[in-house]
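Contents: one structure, followed by commentary.
Every chain is numbered from 1, with letters handed out A, B, ... down the list of sequences. Values reported hereafter were calculated over all heavy atoms of this structure, with side chains retained and with hydrogens, waters and symmetry mates removed. This is a predicted model, so every value here is computed, not measured.
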Protein chains: 2
Amino acid sequence: MFSQSCKYAIRAMFLIAQKSVEGKYTGIKDISEGLDAPQHFIAKILQELTKKGFLTSAKGPNGGFLVNQEQQKTTLLEIVYAFDGDKIITSCCLGLKDCSEKNPCPVHEEYKGIRKKMSHMLSNTLVSDYNDELGLRKLFLKVV
Amino acid sequence: MFSQSCKYAIRAMFLIAQKSVEGKYTGIKDISEGLDAPQHFIAKILQELTKKGFLTSAKGPNGGFLVNQEQQKTTLLEIVYAFDGDKIITSCCLGLKDCSEKNPCPVHEEYKGIRKKMSHMLSNTLVSDYNDELGLRKLFLKVV
DNA sequence: TTAATAAAAGATAAAAAGGTATTTTATTAT
DNA sequence: ATAATAAAATACCTTTTTATCTTTTATTAA
């Protein structure tokens, strides 16, 4: 479905978005522990998220990563596009190079519905949408 | 979504199922051309499908692969399970090792619906379901 | 019974994804 | 100024997936 990098990216954004409510930067170590994910790998992903403008970073003591007000409005679709491209939305599930109404694969029609649901979920979810539930530990970003 | 091997496997099963209506074996060369896929890679996949009982094979002149009456009833889900395991149905879309009602990720609830649709499509589609449309060139297994 | 055919098997290689380690640069607090 | 902190950058390594190539085995038809 999503690449490992993309999954970590989404989870990291949810986590940092929630932590950012208090206005403080969160360090890589806290983030990788909060996601139960390899620290150096996460570091690389956070750099990409920063470069693409989804995160704000600060070096030095008290530094780390932050999701500012504007960045809280990032959708999951934007993150997925940045890491995995548009294949989740556009590509044929049986791998045809150009599967369309004119050249449909056997499951083309039925897969449309699945793609639509996925697309809807990704474009309608903001990284801020679960800040409260995550804070209240009703939702999780790792197995506890 | 599915691995490349799995996509080729499903397309190969659709193709051989349709060709098998005439009762003749179809050779690897015809199959790889019919799918626009690398011949040796397809060969390996067909061997796996044969070993797992989804296909019948015959060596020598007039040999090749065939989907018999019983094998025509194979579902896409069986093929997917054989190549990619059950992760498409069971695993968390954000990569949590154990995402469940007790430890749900932020998109757990919404993803359920997508998973259900996918599961329904895979378990309700037989490799024989599109024999007619494929024969009439209303559906395709490669870009024409 | 032999030559042609075609799948089966095995070895290898190329590419992509996932992950680790080290060094460099910038910031802050003392 | 300087020592500590933490992200940025770079290089490298491992595993998995995808793909190719070669040899072997089985079958059939002449």
Side-chain angles (χ1 to χ4, degrees), chain A residues 1-12 16 19-20 24-67 80 82-85 87-88 91 94-95 97, chain B residues 1-12 16 19-20 24-67 80 82-85 87-88 91 94-95 97:
Chain A
M1 184 74 63
F2 306 131
S3 68
Q4 190 62 33
S5 299
C6 187
K7 293 177 195 169
Y8 283 148
I10 294 172
R11 281 158 64 192
I16 304 165
K19 299 268 192 194
S20 296
K24 280 184 292 184
Y25 286 86
T26 307
I28 287 184
K29 216 179 151 215
D30 285 350
I31 297 167
S32 74
E33 278 170 10
L35 302 179
D36 189 23
Q39 181 173 333
H40 288 104
F41 193 30
I42 288 294
K44 204 183 276 184
I45 290 165
L46 296 179
Q47 280 171 39
E48 281 193 68
L49 285 165
T50 303
K51 233 182 238 168
K52 298 192 161 135
F54 299 127
L55 281 178
T56 304
S57 71
K59 287 182 178 183
N62 308 319
F65 297 87
L66 182 108
V67 173
V80 170
F83 282 81
D84 291 350
K87 66 170 189 279
I88 192 85
S91 78
L94 297 187
K97 277 161 197 150
Chain B
M1 182 74 64
F2 305 130
S3 68
Q4 190 61 31
S5 299
C6 187
K7 292 178 195 168
Y8 283 148
I10 294 173
R11 280 157 65 194
I16 304 166
K19 299 268 192 193
S20 296
K24 280 184 291 183
Y25 287 86
T26 307
I28 287 184
K29 217 180 149 211
D30 285 351
I31 297 167
S32 74
E33 278 170 10
L35 303 179
D36 189 23
Q39 181 174 332
H40 288 103
F41 193 31
I42 288 293
K44 204 180 275 182
I45 291 165
L46 296 180
Q47 280 171 39
E48 282 192 67
L49 285 166
T50 303
K51 232 182 238 167
K52 297 190 162 137
F54 298 127
L55 280 178
T56 305
S57 70
K59 287 182 176 182
N62 307 318
F65 296 87
L66 182 108
V67 173
V80 170
F83 282 81
D84 291 349
K87 65 170 190 281
I88 192 86
S91 77
L94 297 187
K97 276 161 196 151

Please report the distance, rounded to the nearest Å, between [atom1] in [X] and [atom2] in [N].
| X | N | atom1 | atom2 | value |
| --- | --- | --- | --- | --- |
| B:Asp30 | C:dA6 | CG | P | 9 Å |
| B:Leu49 | C:dA7 | CG | P | 14 Å |
| B:Ile31 | C:dA7 | CD1 | C1' | 11 Å |
| A:Met1 | C:dA17 | CE | P | 17 Å |
| A:Ile28 | C:dA26 | CD1 | P | 17 Å |
| A:Gln47 | C:dT25 | CD | P | 14 Å |
| B:Lys59 | D:dA26 | NZ | P | 5 Å |
| A:Phe83 | C:dG18 | CZ | C1' | 14 Å |

If you look at every strand shown and take non-hydrogen atoms under 4.0 Å, does [X] touch a base, only sugar-phosphate, or nothing?
| X | result |
| --- | --- |
| A:Lys7 | nothing |
| B:Ala43 | nothing |
| B:Leu46 | nothing |
| B:Phe65 | sugar-phosphate |

Show your reasoning for whether side-chain contact (heavy atoms from CB on, under 4.5 Å) applies to A:Leu46 and A:Ile16.
CA-CA 10 Å; A:Leu46 296 179; A:Ile16 304 165; 3.8 Å; yes
A:Lys51 side-chain proximity, nearest of D:dA8, D:dA9, C:dA7
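Taking heavy atoms from C-beta onward, the closest nucleotide is D:dA9.
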Donor-acceptor pair, A:Asp84 side chain versus A:Ser3 backbone, under 3.5 Å?
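Confirmed, A:Asp84 side chain pairs with A:Ser3 backbone.
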What's the shortest heavy-atom distance between B:Leu66 and B:Lys24, and which atoms?
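Smallest interatomic distance, heavy atoms only, reads CD1-O, 3.4 Å.
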Decide side-chain contact (heavy atoms from CB on, under 4.5 Å) for B:Ile45 and B:Phe83; before the verdict, give the C-alpha distance in whole Å, the side-chain angles of both, and the deciding distance to 0.1 Å.
CA-CA 9 Å; B:Ile45 291 165; B:Phe83 282 81; 3.9 Å; yes
Under 4.0 Å between a side-chain N or O of A:Ser57 and OP1 or OP2 of D:dA8?
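The answer is yes; a side-chain N or O of A:Ser57 sits under 4.0 Å from OP1 or OP2.
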Should A:Asn62 be listed as having a side-chain N or O under 4.0 Å from OP1 or OP2 of C:dT27?
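The answer is no; no side-chain N or O of A:Asn62 sits under 4.0 Å from OP1 or OP2.
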Which comes earlier along DNA chain D counting from the 5' end, the contact point of B:Gly60 or that of A:Lys29, where each point is its nearest nucleotide?
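Looking at DNA chain D, the more 5' nearest nucleotide goes with A:Lys29.
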A correct 5'-to-3' footprint of nucleotides 14-22 of chain D, with B, S and - meaning base, sugar-phosphate only and no protein heavy atom under 4.0 Å, is ----SBBBB
Taking the basic N atoms (NZ, or NE/NH1/NH2) and the acidic carboxylate oxygens, is any pair closer than 4.0 Å for A:Asp30 and A:Lys19?
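Salt bridge absent between A:Asp30 and A:Lys19.
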